[in-house]
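Below is one structure, written out as structure tokens; the observations come after it.
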Amino acid sequence: MPPREGAPIELTAQEVADLKEVFDLMDKDKGGTLSIEEVKGLMELLGMKVRSEELEAMVAEIDRSGDGNIDFNEFLQVMAKPQDLPYKKADVLRAFRLLADKDAPPGCISPEALERALVQYCAGKVPEEEIMRLVNTLELNQEGYIDFARKTNLFLNS
């Protein structure tokens, strides 16, 4: 699914499919776009405190169509850009390895282990039902694991 506007994005079909999975997880009302409230929910889940004005400005910057929502192509434009984050890919991979069961294949975590970790570390921030919904919507590989290494490589370059 190529983007309609902006700079060309060079993503593989698998990367686009992975990003679509993330987009669909965020799109709680399944309306095909991300509202300000859905973006706010994600940011809160990630522990980020953002004022309404900042959130509105951020969505407006991404929202090329001007409808007040972020569609999938707009989401792809943002996600394909290099990100300047306070953590590195190695840090994220190390954290997943620590949370994964010892018998999990390399680069993978069981849905149960991810759910246990999220319940433990997000207690009071995210309802347990939301954590279960999130984990249950993630794609599993043939062995029944979540391939966190592939997802991490998609989102983080260094």
Roughly how far, to the nearest 0.5 Å, is the [atom2] atom of [Y] from the [atom1] atom of [X]?
X: Leu34; Y: Asp29; atom1: CG; atom2: CG; result: 9.0 Å
X: Leu114; Y: Cys108; atom1: CG; atom2: SG; result: 12.0 Å
X: Arg51; Y: Lys40; atom1: CZ; atom2: NZ; result: 13.0 Å
X: Leu93; Y: Thr152; atom1: CG; atom2: OG1; result: 5.0 Å
X: Glu15; Y: Leu19; atom1: CD; atom2: CG; result: 7.5 Å

The residue among Glu112, Arg116, Glu115, Glu130 that forms side-chain contact (heavy atoms from CB on, under 4.5 Å) with Val135 is Glu115

Residues in salt bridge (charged side-chain N to carboxylate O under 4.0 Å, His left out) with Glu139, at least two apart?
Arg150

Less than 4.5 Å apart, any side-chain heavy atom of [X] and any of [Y]?
X: Ile146; Y: Leu140; result: yes
X: Leu99; Y: Tyr121; result: yes
X: Leu134; Y: Leu25; result: yes
X: Glu37; Y: Lys28; result: no
X: Ile131; Y: Cys122; result: yes

In chain order, what residues pass the side-chain contact (heavy atoms from CB on, under 4.5 Å) check against Asp103, with sequence neighbours excluded?
Asp101

Under a 3.5 Å distance rule, please check whether Glu61 uses its side chain to pair with a backbone N or O of Met58 as donor and acceptor.
no

Would you confirm whether Asp63, through its side chain, and Gly68, through its main-chain N or O, come within 3.5 Å as a donor-acceptor pair?
yes

Heavy-atom closest pair, residues [X] and [Y]:
X: Val119; Y: Glu128; value: CG2-CG, 3.8 Å
X: Gly144; Y: Pro111; value: O-CD, 3.4 Å
X: Ala113; Y: Ala100; value: CB-CA, 4.5 Å

Is it true that Met132 and Met26 fall in one hydrophobic cluster, defined by side-chain heavy atoms closer than 4.5 Å?
no

State yes or no: do Val22 and Tyr145 share one hydrophobic cluster built from I, L, V, M, F, W and Y residues joined by side-chain heavy-atom distances below 4.5 Å, directly or via other members?
no

Mind checking ring-ring contact (aromatic ring centres under 6.0 Å, His included) for Phe23 and listing every partner two or more places apart, or none if nothing turns up?
Phe72, Phe75

In sequence, state the C-alpha distance, the side-chain angles, and the governing distance for Glu74 and Asp71, and then conclude on side-chain contact (heavy atoms from CB on, under 4.5 Å).
CA-CA 5 Å; Glu74 293 163 340; Asp71 66 28; 3.2 Å; yes

Going by atom types alone, do Asn73 and Gln77 pair a side-chain donor with an acceptor below 3.5 Å?
no

Any salt bridge between Asp24 and Lys20, counting N to O under 4.0 Å?
yes

